[in-house]
Amino acid sequence: MLLAIWSYRHFISAAIMGELRARYARSRLGLLWSVLHPLAQALIFALVLSKVLGAKLSGVEHDAAYPIYLLSGIAAWNLFSEILGRCLNVFVEYSSALKKIAFPRICLPMIVWGGALINHVLLLVAIAVIFLFLGFTPSITWLALPLGVLFISLFAFGLGVILGLFNVFSRDIGQALTVVLQLWFWMTPVVYPIAIVPDNLLPILELNPMVALVGIYHDALLYKTWPDIGSLIWPALIAVTLFGAAFVLFRRVSPELVDAL
Amino acid sequence: MSRQTVLTLDDVSKHYAAYPSNLIRFANWFGAGLQPAEVFKAVSNVSFSLRNGEAIALIGQNGAGKSTLLKMITGTVRPSSGRIAVQGRIGAILELGLGFNPEFTGRQNVYQAGGLMGFPREELTRLMPSIEDFAELGDFFDQPLRVYSSGMQARLAFSLATAVRPDVLIIDEVLSVGDSYFQHKSFDRMRRFRDEGAAIVLVTHGLGDVRALCDRVLLLDKGRVVKDGAPDEVVDYYNAMIAEKDNARLQVEQSRGENGWQYTRSGTYEVTMTNLQLLDAQTKQPVATARIGQSLVLRLTAQANTGIPNLVLGCMLRDRTGHVIWGTNTWHTRQAVQNVGPGESVHFNLHFPCHLGPGSYSLTPALTSSDTHLDNNYEWQDNAVVFEVVNPDRPVFIGSSWLDTKFEVKRGDA
């Protein structure tokens, strides 16, 4: 399977560029839109909620602490939801190619992954610029971000491919996930600081791997601290397990995939 | 060119399982081993093999399993049982323009879709001039695909798909794209591939393509091979089969004459043909060899065995390669006979001058109830009358039609 991916690397890279270009074709701002969407989202939350929730952020003495908190959390969440959401539909989207051209099918989620990573890097660059603009100097702890990118990717890719395979056979999965993702977003401290969560709910919340993964971003970007390795064991375990499971399931389901499309 | 087997299908079947609930399907992925509720047999027990330089056509009605079979050979659909062995590279054109992106230029799409077909980037760069040349898109080659006409898209797609001669070429009903010039050009390319040693598997509804390109035809019906043989034999059998969809009542008999013509007789025989003869119009003597310009008459009597509301005689003239030179019927000429009683006879005479080129020709008469033979096929006799045309007294000419032409040749100033 890895060999197949390697021999189709040109196609994957061409298709990633193709996807990005096609998505923003004939719009003047082009790729900028992929950055503007999450930034606008952060801006809205900041405008509406900074008075309510901004005060609850402890430990950072900076006027823009809450917007920075929002930007870091939304960057992390955006990577997760984009990979997950696109993996979910990629087999259905490419159904005619799957039916009529023989090529390694694992290329498809790879294209999604690659596209999401490029978008993510662009977003991080934009965030760095905004930080400077806000008078908040990025620190050396930014170097911890690749760790967050890695685990969020593995987790979203694994979950996305598994659900995407099920989605081919039962499209209810895709519909349900839209709702679940909304709920999940609010179950993750992106908009609100984790400090406001009541102590008795905290153990339940921490079952959510995204809590610790978004935490990496908060630590690195806002608090300027290195991630707490202990808290990462659980999400890393889940991410790697799902990633592995996705490949196993993919091998099993692959022959039946085209029959159902 | 050494002849070796490049494609072998051994007892290949494809069954689609229908599960009452997706839960059972999902459980099977984890090794539950539950039985599906229903199995749809798309292709059953198909075996054939193909050597290089051979071309085979798959024909059959919609849903006969042709496309499923092609997908299995291509490798996108896995057979439920049986074995498919391929020597060398497969090139498949199951649909033109797959993997194209409307926002990309023709050139970028060649990289994109070519990558999807498994070509490395360097090879596509090397092939680019020939792809560009064959597609004949001019300046459009560097414009976005969305401004292309559908024929232009098809040209680009075909040009890319056949940029390299594969060992096995698989084509699904894509010959009908583009204008006739490009159709001709793509047909030529396939014929060249075949002559250079590629094996071709072709699905088509254009029966003319079959006769022109293939040495062998498989007729599929309900997933099974019902006929395997020479093009004219299988195509005529197929025509007889679609003539009467209610196959239970239909009888088909076939034989090959000493002259090589395939004779196929089919029908439901409410009305039958008798006294079928090709005669000289003046002498009323039977004709087997006709002179150019001779007046001929095809005579036959339709004998009604039961009463029928409408009787139409159709007639078709074919040349040696099976191409239809001419054909019409008495429905088009507004001479349909109404309310034919049981036991009644209807006599037909078809007068025509022999304005044909030298060669062998056949006449195919058919008794039907309307302008198409699909409603009722009472009796149909493919190539029932075969005759030779000779040219004893006209200047030498080629082609299948005698045209009363005249050159004017003058010397000096016009």
Side-chain angles (χ1 to χ4, degrees), chain A residues 3-27 30 93-105 107-108 110-111 162-163 165-173 245-246 248-261, chain B residues 14-19 21-23 25-26 28-31 40 42 67-68 70-80 86 90-104 108-125 144-146 161 170 172:
Chain A
L3 204 70
I5 293 171
W6 177 246
S7 65
Y8 273 73
R9 64 192 183 280
H10 291 301
F11 165 66
I12 294 178
S13 58
I16 290 171
M17 296 321 293
E19 283 235 334
L20 294 178
R21 208 179 333 198
R23 203 181 319 171
Y24 303 107
R26 287 199 275 168
S27 64
E93 277 171 33
Y94 280 83
S95 66
S96 61
L98 281 172
K99 273 189 269 191
K100 297 193 166 163
I101 300 181
F103 69 101
R105 288 159 199 174
C107 289
L108 293 181
M110 291 291 163
I111 293 168
I162 291 172
L163 293 177
L165 290 171
F166 281 104
N167 192 42
V168 169
F169 299 93
S170 161
R171 303 284 154 90
D172 302 311
I173 309 266
V248 173
L249 190 70
F250 187 84
R251 287 207 81 105
R252 290 230 174 146
V253 177
S254 196
E256 251 183 272
L257 202 58
V258 174
D259 297 1
L261 281 167
Chain B
K14 178 67 192 180
H15 300 167
Y16 287 102
Y19 293 93
S21 145
N22 268 321
L23 289 177
R25 181 195 294 272
F26 295 158
N28 272 346
W29 295 351
F30 300 100
F40 170 70
S67 293
T68 309
L70 288 197
K71 284 179 198 163
M72 285 195 285
I73 299 171
T74 309
T76 60
V77 170
R78 207 170 288 193
S80 311
V86 182
I90 292 190
I93 318 175
L94 299 187
E95 189 182 317
L96 285 178
L98 272 179
F100 277 5
N101 187 324
E103 297 300 336
F104 286 12
Q108 288 164 333
N109 267 307
V110 167
Y111 283 118
Q112 165 100 355
L116 190 61
M117 291 190 286
F119 289 112
R121 198 178 171 79
E122 308 79 59
E123 191 172 355
L124 287 168
T125 309
L145 199 73
R146 63 185 144 80
I170 294 168
D172 192 356

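Here the structure is a predicted model, which means the values were calculated and not measured. Just so we're on the same page: letters track the sequence lines, and every chain starts at 1.
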Atom pairs and distances, side-chain donor-acceptor, residues 116-124 of chain B, under 3.5 Å, sequence neighbours left out:
none

Non-neighbouring partners of A/Phe169 that pass ring-ring contact (aromatic ring centres under 6.0 Å, His included), sequence neighbours left out:
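Result, ring-ring contact (aromatic ring centres under 6.0 Å, His included) vs A/Phe169: B/Trp29.
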Can you tell me how far NZ of A/Lys100 sits from CG of B/Leu70, rounded to the nearest 0.5 angstrom?
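If we round to the nearest 0.5 Å, B/Leu70:CG and A/Lys100:NZ are 10.0 Å apart.
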Please classify the contact of A/Tyr94 with chain B as side chain, backbone, both or neither, using a heavy-atom distance under 4.5 Å.
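Answer is neither: A/Tyr94 stays 4.5 Å or more from chain B.
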Which bit of A/Leu249 is near chain B, if near means a heavy-atom gap under 4.5 Å: side chain, backbone, both or neither?
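A/Leu249 touches chain B through side-chain heavy atoms alone.
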For A/Arg105 against B/Thr76, the heavy-atom pair lying closest together
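Shortest heavy-atom contact: NH2-O, 2.8 Å.
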